[in-house]
Number of protein chains: 2
Amino acid sequence: MLSKKTKYAINALVFIAKNKDEQPISVSRISEEQNISLKFLESILTELKNARILNSTKGKYGGYSLNAPPDEINMAKIMRLFDGAIALLPCVTYEFYERCEECVDEENCGIRQIAMEIRNETVKRLKAATLTDIVKREKI
Amino acid sequence: MLSKKTKYAINALVFIAKNKDEQPISVSRISEEQNISLKFLESILTELKNARILNSTKGKYGGYSLNAPPDEINMAKIMRLFDGAIALLPCVTYEFYERCEECVDEENCGIRQIAMEIRNETVKRLKAATLTDIVKREKI
DNA sequence: TTTATATCCTACTAAATTGGTAGGATTAAT
DNA sequence: ATTAATCCTACCAATTTAGTAGGATATAAA
């Protein structure tokens, strides 16, 4: 399951991407329209800014705007930022690799092979899920 | 990520499946050979017994044995038992459906569509990952 | 019948994670 | 000067995770 942080982050990013011409957009605006707690969302957007996914403008009429083209921001990146590894097992992630402590034979582990196949498929789809893609899906 | 409970459960089941002719197998034997804390594993096998996935035999030379053919026990079932929903969002699970509180338009949600596609693919693979399949993968 | 070795059952717990909240400082447009 | 934003620090309650402790009960074999 995605954490609420990740879900809220993606929702906020999609909202900003959709309102391309009104950027920057304030936290309070996103909070109201997306039903997300103001203060919690504030901390999420700060993390996105620190990760250089968003830009911020201070002061009146300030807010947040995308710091990259919407087809370069995808769900995999956001999930990794807030929730860490995407895979089912720590021993099949590239970015957060860790051996399973109890593991007897990693190379020959059947569960690991399955987890690896699922990770490959999942990451492929999450990388394809860019803001552009999500906005397109919702334009029906 | 799988919880340790789920991981230990699958490891234990695979171990029991592999030692088909020595059943029943005691918790202490599995605990030693799979590097899993005895008492914790005990509680896990109890849950598997309550879910009718394992059988137990009390007393000396007692232990646990499979309560179904190994090709009918798969990773999806074990994950759902210990970790609950498999999908990335509560709004795309069959068994544990819940609306996202903050959701504005579930039908038209792009993130949901992606989560649904990933769930379909993932569940398909987890259901194919039976004990028989896992044991076969490790017999190289 | 005693002993060894199993499961069964109840209760407890420390640490980490999750999903927030509170309050004020700073910055910038009008 | 006022208004409306972000920025920054600190705190917190509830839940989940990953166990541990200790004894009751059942059964095979000596």
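Convention: sequence-line order gives letters A, B, ...; per-chain numbering from 1.
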ask   = For B:Tyr61 and D:dA26, is the shortest distance between a side-chain N/O and OP1 or OP2 below 4.0 Å?
value = no
inquiry  = Can you work out whether B:Lys58 or B:Phe82 has the more 5'-proximal nearest nucleotide on DNA chain D?
reply    = B:Phe82
message = Taking B:Glu138's backbone N and O only, do any of them form a donor-acceptor pair with A:Asn108's side chain (distance below 3.5 Å, no angle check)?
response = yes
query = When you measure from the side chain of A:Arg119 to the backbone N and O of A:Val92, does any donor-acceptor pair fall under 3.5 Å?
reply = yes
ask   = In Å and rounded to the nearest 0.5 Å, what is the SG to CG distance from B:Cys100 to A:Asn11?
value = 8.0 Å
task = Quickly, which of B:Ile78, B:Ile10, B:Thr130 forms a side-chain contact (heavy atoms from CB on, under 4.5 Å) with B:Ile73? Name it, please.
result = B:Ile78
message = With a strict under 4.0 Å distance from non-hydrogen atoms of chain A, what nucleotide opens and what nucleotide closes the contacted stretch of DNA chain C, reading 5' to 3'?
response = C:dG19 to C:dT30
request  = Whole angstrom is fine here: how far is it from CD in B:Glu42 over to C1' in D:dT20?
outcome  = 11 Å
ask   = Under the 3.5 angstrom rule, does the side chain of A:Asn35 hit a backbone N or O of B:Glu101 as a donor-acceptor pair?
value = no
request  = Look only at the side chain of B:Glu42 and the backbone of B:Val27, and say whether a donor-acceptor pair between them is shorter than 3.5 Å.
outcome  = no
key: A:Leu2 vs A:Phe82 side-chain heavy atoms within contact, under 4.5 Å   = no
key: Spacing of A:Met1 atom CE relative to D:dT15 atom P, expressed in whole Å   = 17 Å
message = Mind checking if A:Lys60 touches a base, just sugar-phosphate, or nothing, with heavy atoms under 4.0 Å?
response = base
key: Within residues 5-39 of chain A: residues closer than 4.0 Å to DNA chain C (heavy atoms)   = A:Tyr8, A:Ser37, A:Lys39
Side chains of A:Gln34 and A:Tyr8 in contact at under 4.5 Å (non-hydrogen atoms) = no
message = Under a 3.5 Å distance rule, please check whether B:Asp71 uses its side chain to pair with a backbone N or O of B:Thr132 as donor and acceptor.
response = no
message = For the backbone of B:Ile36 and the side chain of B:Ser31, can you confirm whether one donor and one acceptor N or O come within less than 3.5 Å of each other?
response = yes
task = Looking only at non-hydrogen atoms, find the nearest pair between A:Tyr64 and A:Ser56 and report the distance.
result = CE2-CB, 3.6 Å
note = The correct set of residues in residues 44-57 of chain B placing a heavy atom under 4.0 Å from DNA chain D is none
